[in-house]
Amino acid sequence: MTNITGRVREAFRGDQRVDADALIARLDAVHRFLTAVDGLLPDAELVPAHTLVERAGTRLALSRDHTVVALAGATGSGKSSLFNALAQLELSPVGVRRPTTGVTHACVWGPLEGANRLLDWIGVLPRHRFVRESALDADDETALHGLILLDLPDFDSVQRSHRLEVDRLLGLVDQVVWVVDPQKYADRVIHDSYLREFHRHRDVTVVVLNQADRLPPAEVPRVLDDLRRLLDTDGLTGVPLLSTTAIDPAGMVGLRGALERTVAERQAALRRLAGDVDTVVAGLDELVGSARPAGGPDDSTIDGLNRALAGAAGVPAVTEAVQQAYRHRAVAATGWPLVRGWRRLRPDPLRRLHLPGPADAGADAAESLVAATSVPDPTAAQRSALGLAIRAVADRAAADLPAAWPGAVTAAARSRLGDLPDALDRTIAGTDLGLGRRPLWWRVVGGVQWLVTLAAVVGLGWLVLGYALRALGLPALDNPMVGQVPLPTLLLLGGLLAGLLLAALTRPVVRWAARRARARAEQRLTAKVARVGEEYVLTPVRVVLGSYAQARDALRDAARR
Ligand SMILES: Nc1nc2c(ncn2[C@@H]2O[C@H](COP(=O)(O)OP(=O)(O)OP(=O)(O)O)[C@@H](O)[C@H]2O)c(=O)[nH]1
Ligand SMILES: [Mg+2]
């Protein structure tokens with residue numbers, strides 16, 4: 001006795017149609033997700049998604065006019081018997097010795113040509129393919145045109161190869177008819193390992209209780225109710241559940257009707273793939289979570305990074321040298337001319353660091369880019385401070401991200417660590433420290449120093465000449481008087497005094513200006529070092545955050561039914 005229960009009709013009516021374009025858009029979103037996370041998340045976690053994209057692409061490119069339905073179940077449940085009964089031919093051997101079916105058999109309703117490529121992909125050998133139409137040309141078979149029915153080996157097999165074959169095929173077919181028998185319908189294996197796994201494929205799942213003739217007629221509804229309860233526990237509420245008898249054509253009517261509807265709707269392939277997308281999306285959900293994509297590390301963390309970078313780059317040493325160099329150069333330019341030469345003998349503090357010295361003043365910055373500096377290497381403390389600052393950047397940036405991501409963010413933050421020392425050194429070497437041009441006031445003060453020194457020298461010469469003439473008894477020079485003081489004396493003493501006074505007055509100004517030069521250099525170096533941090537640390541981190549945002553959006557699109 002076969003009938004479709006009321007619940008079966010309800011389930012069929014309740015099925016929503018899957019729009020092919022919408023499905024393709026969802027698959028495209030899964031593909032976008034995979035592109036976004038490529039190289040960032042562990043490959044092992046992405047295998048199901050890769051498999052889906054590949055499989056779905058192939059399935060959709062192959063015949064959409066065919067629906068592949070598999071008969072799956074434990075050994076002896078009657079799969080081959082149902083297969084033969086539906087085909088009305090003895091295509092797949094039915095046996096007493098278990099398991100009987102070792103390789104998948106296929107029966108195609110309608111012309112075989114269109115189905116061949118599909119069967120090649122599914123992996124059914126040509127000698128196990130049969131064509132229903134050519135075998136028996138009957139009009140009553142047209143309702144099944146487009147059906148490709150597969151008789152699978154047993155999934156609870158003692159033969160490992162059977163189980164592997166079943167698992168492979170269950171991933172490829174459009175619809176599964178699970179065949180159970182009155183003895184084994186409650187078996188743990190079928191429910192835990194198979195039916196439960198298909199709870200997202202409810203709309204392409206049919207369950208049949210075969211060998212119903214072996215039960216007293218009054219028992220059938222009771223067993224069906226019990227099986228329904230188990231299916232509900234499996235998460236398969238509402239799936240079509242029928243009873244069949246393979247040995248009686250009348251006992252096949254319900255299953256045949258269900259298959260006719262499946263073929264007519266031409267929805268199974270799309271529904272199966274939609275269920276696959278649901279499964280994959282649910283599996284990936286944990287990887288992406290619902291965290292809002294972070295904008296990146298906050299300003300104070302970036303400041304911390306920049307400070308650590310500046311320390312590692314030797315900015316304090318360079319700015320100290322800038323201050324000293326300013327004083328050195330200013331004193332050399334504005335000091336008392338007699339001590340300037342001595343000043344110049346001392347090495348320029350910036351030259352010692354192989355940074356632009358006086359001779360390079362105004363040199364093209366690009367030239368100085370070539371040379372590596374002799375700024376001291378970072379100390380162990382500076383290196384570890386930099387490591388901690390980079391770690392802090394990664395931690396802050398990944399603070400709200402799901403567990404799979406912080407590793408990727410940290411790896412990105414450290415990805416260019418090896419290039420940092422050279423990049424920092426090049427940046428320091430290429431920074432205009434602001435000492436290139438001599439300030440105008442240096443020249444003015446320097447000129448005045450020369451003038452007063454010249455006056456002192458003229459005064460001295462004049463006096464010396466006067467003494468010499470007097471000593472030789474020659475007529476004395478007529479010394480003009482300025483007030484009470486002879487002019488040469490005034491020139492000598494006034495020149496010396498003015499020179500010393502000017503030098504004394506200039507000193508605090510030089511010190512003040514040197515501090516300013518240091519501050520200016522520090523500002524410029526910090527800005528340049530920050531740019532290195534941006535390029536070598538923050539940008540890679542932002543790229544990962546961008547990928548996270550893309551992955552999250554893509555997964556959201558893929559989840560939209
Ligand atoms: N009475 C009765 N016997 C059936 C029915 N269906 C199958 N059988 C018998 O059950 C036994 C097993 O049937 P098969 O069709 O070979 O079972 P199978 O599921 O293909 O088994 P494997 O190929 O080993 O996985 C055979 O002896 C069938 O004649 C049925 O509806 N009623
Ligand atoms: Mg069989």
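Just the heavy atoms: all of them, side chains too, but no hydrogens, waters or symmetry mates, feed the values below. Given the structure is predicted, the values throughout are model-derived calculations rather than measurements. Order of appearance sets the numbers: ligands from 1, and atoms from 1 within every ligand.
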Quick one about [Y] and [X] (side-chain donor to acceptor, distance below 3.5 Å, no hydrogens or angles considered), yes or no?
X    : Y    : value
T67  : T262 : no
S63  : D65  : no
Y194 : D167 : yes
D298 : T301 : yes

Could you work out, for atom 13 (O) of ligand 1, the closest of S243, S77, P182, S81 by heavy-atom distance?
S81

The one among S92, A74, G102, G78 that brings a heavy atom closest to atom 17 (O) of ligand 1:
G78

Taking side chain as C-beta onward, heavy atoms only, is [X] less than 4.5 Å from [Y]?
X    : Y    : value
F130 : L89  : no
Y536 : L417 : no
V409 : L40  : no

Indicate yes or no: does an N/O atom of [X] lie under 3.5 Å from an N/O atom of ligand 1?
X    : result
T244 : no
R214 : yes
P93  : no

Would D181 and S77 count as a side chain to side chain donor-acceptor pair (under 3.5 Å) here? Give the steps.
CA-CA 5 Å; D181 60 60; S77 58; 5.0 Å; no

For ligand 1, note which part of D213 has a heavy atom under 4.0 Å away: side chain, backbone, both or neither.
side chain

Of all the atoms in S80, is at least one N, O or S atom closer to the Mg ion (ligand 2) than 2.8 Å?
yes

The Mg ion (ligand 2) contact by T101, N, O or S atom under 2.8 Å:
yes

Atom pair CZ (R55) and CZ (R272), whose distance is rounded to the nearest 0.5 Å
7.0 Å

Show which atoms of ligand 1 fall inside a sub-4.0 Å distance from at least one heavy-atom site of [X].
X    : answer
N210 : 5 (C), 6 (N), 31 (O)
T100 : 22 (P), 23 (O), 24 (O)
A246 : 6 (N), 30 (C), 31 (O)
D154 : 25 (O)

Contact check, G76 vs ligand 1, heavy-atom distance below 4.0 Å:
yes

